[in-house]
**Student:** 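Let me begin by handing over the structure; questions about it come next.
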Amino acid sequence: MRPSARRERAGFDTAAQPTDAPERKGVGPTPGGYGLMSVSDASDTPDAPDPDGRDGDQPTGSGLAAEKVRRQARVDELRARGDQPYPYRFDRSHTLAEVRAAHGDIEAGTETDAEVTVAGRVMLKRDTGKLVFATIQDRSDRIQLFISKAVVGDDGFVDVKELDIGDWVGVHGTVMATRAGELSVKADRVELLSKAIRPLPDKWHGLTDTDTRFRQRYADLIVNDEARRVFEIRHEAIASFRRTLHDEGFIEVETPVLHVEAGGAHARPFDTHHNALDLPLYLRIALELHLKRLIVGGMERVYEIGRVFRNEGISTRHNPEFTMMELYQAFVDWQEMMAISERLITQAARDAIGTTVITVRGHEFDLAEPWPRISMCGAVSAALDRTVHPSQPVDDVRAIADRHGAKYEASWGSGRIIEALFEELCEADIVRPTFVTGHPVEISPLARVDRDDPHVTERFEIFCDSRELGNGYSELNDPVEQRARFDEEQAAKEAGDAERGTVDEDYLRALEYGMPPTGGLGIGMDRVAMLLAGVDSIREVVLFPTLRPEQF
RNA sequence: GCGCCUCUAGCUCAACGGUAGAGCAGCGGGCUUUUAACCCGUUGGUUCAGGGUUCGAAACCCUGGGGGCGCACCA
């Protein structure tokens with residue numbers, strides 16, 4: 001299944017992009033450009049008469065409004081003569097990739113007896129008089145239609161001429177290759193499957209305006225090959241995670257999105273409310289605490305891939321809702337969590353992009369090689385050329401932070417300031433996937449204390465390209481110590497730190513039943529997709545990123 | 001929230017402060033092997049909005065809006 005998806009894509013690329021125009025390479029942020037959004041508000045209203053009558057008042061002319069009127073008139077014309085411009089179904093025999101796979105090697109200028117029934121959207125149309133070439137696109141590929149007046153008949157040919165770019169068509173015909181060698185379907189019947197009332201963006205340049213691309217993702221997906229490629233990679237990566245976890249004996253579960261306490265991470269939650277219960281609720285900011293309850297319940301290996309919500313800033317790395325994978329495994333510690341992190345992401349790369357060799361900021365590396373491990377305190381100490389450790393008095397650590405431009409707040413202890421120093425001094429330099437280990441206890445309320453150093457935890461974060469990809473640790477399973485950690489969180493929250501946690505009594509009760517030694521891991525799937533697709537903005541891997549609402 | 005950049009036809013982009021243009025799409029015509037087909041003709045604009053400077057503003061200034069990037073935030 002997966003390998004064939006890759007081949008389809010390869011076939012697609014050669015068919016659709018004989019040349020690689022530079023404009024098409026960058027799906028990434030494109031400077032300049034402005035979309036149709038606010039320019040054409042009036043005519044942009046979906047269907048129906050416009051409030052200000054622009055659509056209806058200008059049936060001649062040739063703006064967007066007139067174009068829609070013209071195409072709608074075609075719909076009416078078809079209905080008037082008894083044809084269905086929006087038929088209910090169409091049974092195809094082959095996807096376009098299947099046609100190419102079966103017949104891609106036929107010689108130029110030859111025709112076959114192979115009958116196929118295919119369907120797709122008209123992307124290009126070349127009318128040479130009594131012969132029309134149209135390029136149609138389905139999910140798998142593009143292929144050329146060879147439509148001769150002599151074959152489809154006079155009436156059928158008129159309908160072909162009336163086709164607009166953007167229309168969906170179903171085609172029956174035989175497979176051939178033109179004199180130029182282009183694999184084609186020689187149509188003997190062309191059926192309209194859905195009339196497009198709105199014209200497609202530029203057939204060559206596609207859509208580049210990021211605003212329009214994200215708001216009208218459907219249009220982006222139609223015309224930008226790169227957008228489709230990215231979401232295929234995302235899909236393959238997530239599917240790969242599920243396969244790996246299934247093969248390793250993990251059970252996929254679903255836990256509540258609506259939480260009474262927003263725990264498991266430090267982040268501001270979205271507030272909501274349940275009417276019947278008259279209950280304030282939060283959208284979850286992490287999956288952690290429910291999944292660990294299931295470990296208490298004896299499920300041993302569980303994972304969830306789900307949406308979490310954080311009411312914080314939006315950036316190239318942050319979307320308010322994003323997809324997290326968290327897994328918990330009984331009887332193992334953080335070392336196994338690092339090992340499975342490497343396995344999951346390396347396999348995802350194989351499945352999604354067919355290689356484990358990745359280039360980030362000009363550096364090429366192989367995900368299959370062991371990922372470097374650096375301790376947080378060690379990295380900061382190395383950067384400063386002096387030892388820094390959470391056991392040091394907070395005044396000393398503050399002085400260091402002051403000298404090196406790391407910002408902190410009065411309530412922070414040495415551990416949290418060291419983290420700020422790490423972010424300030426070290427984070428930007430991490431290119432290849434790296435385990436940053438040994439986070440101070442202060443910033444790790446759910447992680448177990450390091451067996452060799454009581455000031456830090458058995459915790460790691462995965463960094464790559466200066467972005468955090470994941471986070472894992474040996475899970476704290478001592479209910480008494482967990483309560484003490486929660487108490488500290490609560491105290492910090494009451495002291496004014498809105499992102500700190502509260503005491504989750506039910507979770508503590510669960511721990512009191514006994515949680516086995518457990519390793520836990522969370523990985524941001526959006527960022528994995530970014531890494532594998534090689535894009536710089538999370539909006540490129542989220543189909544419908546959060547934006548201010550458009551004014552219609 | 002702050003700073004910088006940006007917004008021109010359906011799409012992609014031009015226009016020293018001096019008549020708002022091109023390509024594509026559309027429309028009319030021609031063409032039975034095209035490849036972003038081609039050739040001839042042609043329609044289409046509240047230059048994001050509002051204000052100001054100027055004889056004259058798409059351009060300069062101010063305010064507002066959308067978007068992008070960076071910072072802050074994001075353990």
Side-chain angles (χ1 to χ4, degrees), chain A residues 15-19 21 23 28-44 58 60-68 70-71 108-109 123-135 144 146-151 157 164-166 176-182 184 186 198-215 219 223 265-268 285 310-318 320 407 412 415-416 419-420 422-423 439-440 442-447 459 461 468 471 489 492 497 499-501 536-537 539 547-551:
Chain A
Q17 289 185 269
T19 57
E23 298 95 318
T30 309
Y34 189 71
L36 75 176
M37 185 214 95
S38 65
V39 182
S40 57
D41 280 343
S43 53
D44 226 24
Q58 302 184 350
T60 53
S62 109
L64 174 61
E67 175 70 5
K68 287 166 68 178
R70 185 186 67 76
R71 293 188 184 211
M123 299 302 291
L124 298 168
K125 210 178 134 194
R126 295 175 289 277
D127 182 350
T128 72
K130 297 184 182 62
L131 188 60
V132 169
F133 298 91
T135 300
Q144 175 170 275
F146 179 104
I147 310 167
S148 165
K149 185 176 185 180
V151 175
F157 201 66
D164 284 300
I165 290 175
M176 60 169 282
T178 62
R179 286 178 203 160
E182 181 78 28
S184 307
K186 184 175 184 181
R198 181 178 291 264
L200 250 40
D202 192 281
K203 68 183 180 187
W204 183 244
H205 300 96
L207 260 186
T208 63
D209 180 65
T210 49
D211 184 26
T212 312
R213 286 186 47 237
F214 299 152
R215 287 186 197 281
V223 299
H266 286 159
R268 289 170 191 259
I285 58 174
R310 297 188 180 176
N311 203 342
E312 286 160 354
I314 295 177
S315 76
T316 47
R317 287 173 284 283
H318 301 89
K407 289 181 198 140
W412 296 9
R416 192 156 178 198
E419 185 194 33
F422 175 80
E423 289 171 0
H439 298 60
E442 181 187 352
I443 56 168
S444 313
L446 298 163
R459 177 181 173 192
E461 287 181 304
E468 184 194 339
N471 178 26
E489 286 291 297
D497 194 343
E499 282 122 41
R500 299 297 283 271
D536 292 326
S537 171
R539 294 183 194 93
L547 298 171
R548 278 199 170 78
E550 189 176 358
Q551 299 299 312

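Numbers restart at 1 for each chain; the letters A, B, ... are given by sequence-line order, proteins then strands. The model shown is predicted, which means the values in this text are computed figures rather than measured ones. Atom set for the values below is all heavy atoms of this structure, side chains included, hydrogens, waters and symmetry mates excluded.
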**Student:** For the C1' atoms, the ones on B/rC27 and on B/rG18, what distance do you get once it is rounded to whole angstrom?
**Tutor:** 33 Å
**Student:** Less than 4.0 angstrom between a side-chain N/O of A/R213 and OP1 or OP2 of B/rG67, yes or no?
**Tutor:**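 No.
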**Student:** Taking the basic N atoms (NZ, or NE/NH1/NH2) and the acidic carboxylate oxygens, is any pair closer than 4.0 Å for A/E489 and A/R500?
**Tutor:** yes
**Student:** Tell me which nucleotide among B/rA25, B/rC69, B/rU33 gets nearest to the side chain of A/T178.
**Tutor:**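 So the nucleotide nearest the side chain must be B/rU33.
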**Student:** If you measure from the P atom in B/rA57 to the same atom in B/rG50, how many Å do you get, rounded?
**Tutor:**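 Straight-line distance between the two P atoms is 14 Å.
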**Student:** Answer yes or no: is there an ion pair linking A/R70 with A/D164, defined by an N-O contact shorter than 4.0 Å?
**Tutor:** yes
**Student:** Establish, with yes or no, whether the OP1 or OP2 oxygen of B/rG67 is under 4.0 angstrom from a side-chain nitrogen or oxygen of A/R548.
**Tutor:**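 Answer yes for this pair, as a side-chain N or O of A/R548 is under 4.0 Å from OP1 or OP2.
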**Student:** Report the nucleotide, chosen from B/rA37, B/rU12, B/rC69, that has the shortest atom-to-atom distance to any side-chain atom of A/K203.
**Tutor:**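 That would be B/rA37.
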**Student:** Would you call A/M123 and A/L200 a side-chain contact if the rule is heavy atoms closer than 4.5 Å?
**Tutor:**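 In short, these two side chains touch, coming nearer than 4.5 Å.
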**Student:** Below the 4.0 Å mark, does B/rU34 have OP1 or OP2 next to a side-chain nitrogen or oxygen of A/S184?
**Tutor:**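 For A/S184, the contact criterion (side-chain N or O under 4.0 Å from OP1 or OP2 of B/rU34) is not met.
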**Student:** If we take the C1' atom in both B/rA36 and B/rC48, what is their distance in whole Å?
**Tutor:**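 B/rA36 and B/rC48 have their C1' atoms separated by 30 Å.
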**Student:** Identify whether any heavy atom of A/L207 sits under 4.0 Å from a base atom; if not, whether one sits that close to sugar-phosphate; answer base, sugar-phosphate or nothing.
**Tutor:**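 Sugar-phosphate contact only - A/L207 comes under 4.0 Å of backbone atoms but never of a base.
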**Student:** Look at the side-chain N and O atoms of A/R126 and state whether any lies under 4.0 Å from the OP1 or OP2 oxygen of B/rU35.
**Tutor:**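 No.
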**Student:** Considering only side-chain heavy atoms of A/K407, which listed nucleotide, B/rA72, B/rA37, B/rU32, is closest?
**Tutor:** B/rA72
**Student:** Quick one: does A/T128 reach the base of B/rU32 with a side-chain donor-acceptor pair under 3.5 Å?
**Tutor:**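 No.
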**Student:** Does A/Q144 reach a base, just sugar-phosphate, or nothing at all? Heavy atoms under 4.0 Å.
**Tutor:** base
**Student:** At 4.0 Å (heavy atoms only), tell me whether A/A150 reaches a base, stays on the sugar-phosphate, or touches nothing.
**Tutor:** base
**Student:** Using heavy-atom distances to pick each residue's nearest nucleotide on RNA chain B, tell me which of A/L200 and A/M176 is more 5'.
**Tutor:**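 First, find each residue's nearest nucleotide; the 5'-ward one identifies A/L200.
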**Student:** Return the nearest nucleotide to the side chain of A/P199; candidates are B/rA37, B/rA25, B/rG68.
**Tutor:**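 The listed nucleotide nearest to A/P199's side chain is B/rA25.
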**Student:** Can you identify which nucleotide, out of B/rG68, B/rC71, B/rA36, has its nearest atom closest to the A/R317 side chain?
**Tutor:** B/rC71
**Student:** If you check the A/F133 side chain, which of B/rC69, B/rU33, B/rC27 turns out closest?
**Tutor:** B/rU33
**Student:** Measure from the side-chain heavy atoms of A/R215 and tell me the nearest of B/rG66, B/rA36, B/rC13.
**Tutor:**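 Of B/rG66, B/rA36, B/rC13, B/rG66 is nearest to the side chain of A/R215.
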**Student:** Which of these nucleotides, B/rG26, B/rU32, B/rG66, is closest to any side-chain atom of A/S148?
**Tutor:** B/rU32
**Student:** With nearest nucleotide decided by heavy atoms, which residue, A/I165 or A/T135, maps closer to the 5′ end of RNA chain B?
**Tutor:** A/I165
**Student:** With sequence neighbours excluded, what pairs up with A/F157 under the ring pair (Phe, Tyr, Trp, His ring centres under 6.0 Å) test?
**Tutor:**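 A/F157 satisfies ring pair (Phe, Tyr, Trp, His ring centres under 6.0 Å) with no other residue.
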**Student:** Could you state the CG-P distance from A/D211 to B/rG67, rounded to the nearest angstrom?
**Tutor:**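 It is 6 Å, rounded to the nearest whole Å.
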**Student:** Under 4.0 Å between a side-chain N/O of A/R198 and OP1 or OP2 of B/rG10, yes or no?
**Tutor:**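 Answer is no, no contact under 4.0 Å.
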**Student:** Mind checking A/R459 for me? I need base, sugar-phosphate or nothing, with any heavy atom below 4.0 Å counting as a touch.
**Tutor:** base
**Student:** Taking donor-acceptor contacts at under 3.5 Å, does the side chain of A/D209 reach the base of B/rG67?
**Tutor:**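 No pair found.
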**Student:** Could A/R215 and A/D211 be called an ion pair, given the rule that one side-chain N must be under 4.0 Å from one carboxylate O?
**Tutor:**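 Looking at A/D211 together with A/R215, the answer is yes, because their closest N to O distance falls below 4.0 Å.
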**Student:** With a 4.5 Å heavy-atom cut-off, do A/F133 and A/T135 have their side chains touching?
**Tutor:**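 No - every pair of side-chain heavy atoms lies 4.5 Å or more apart.
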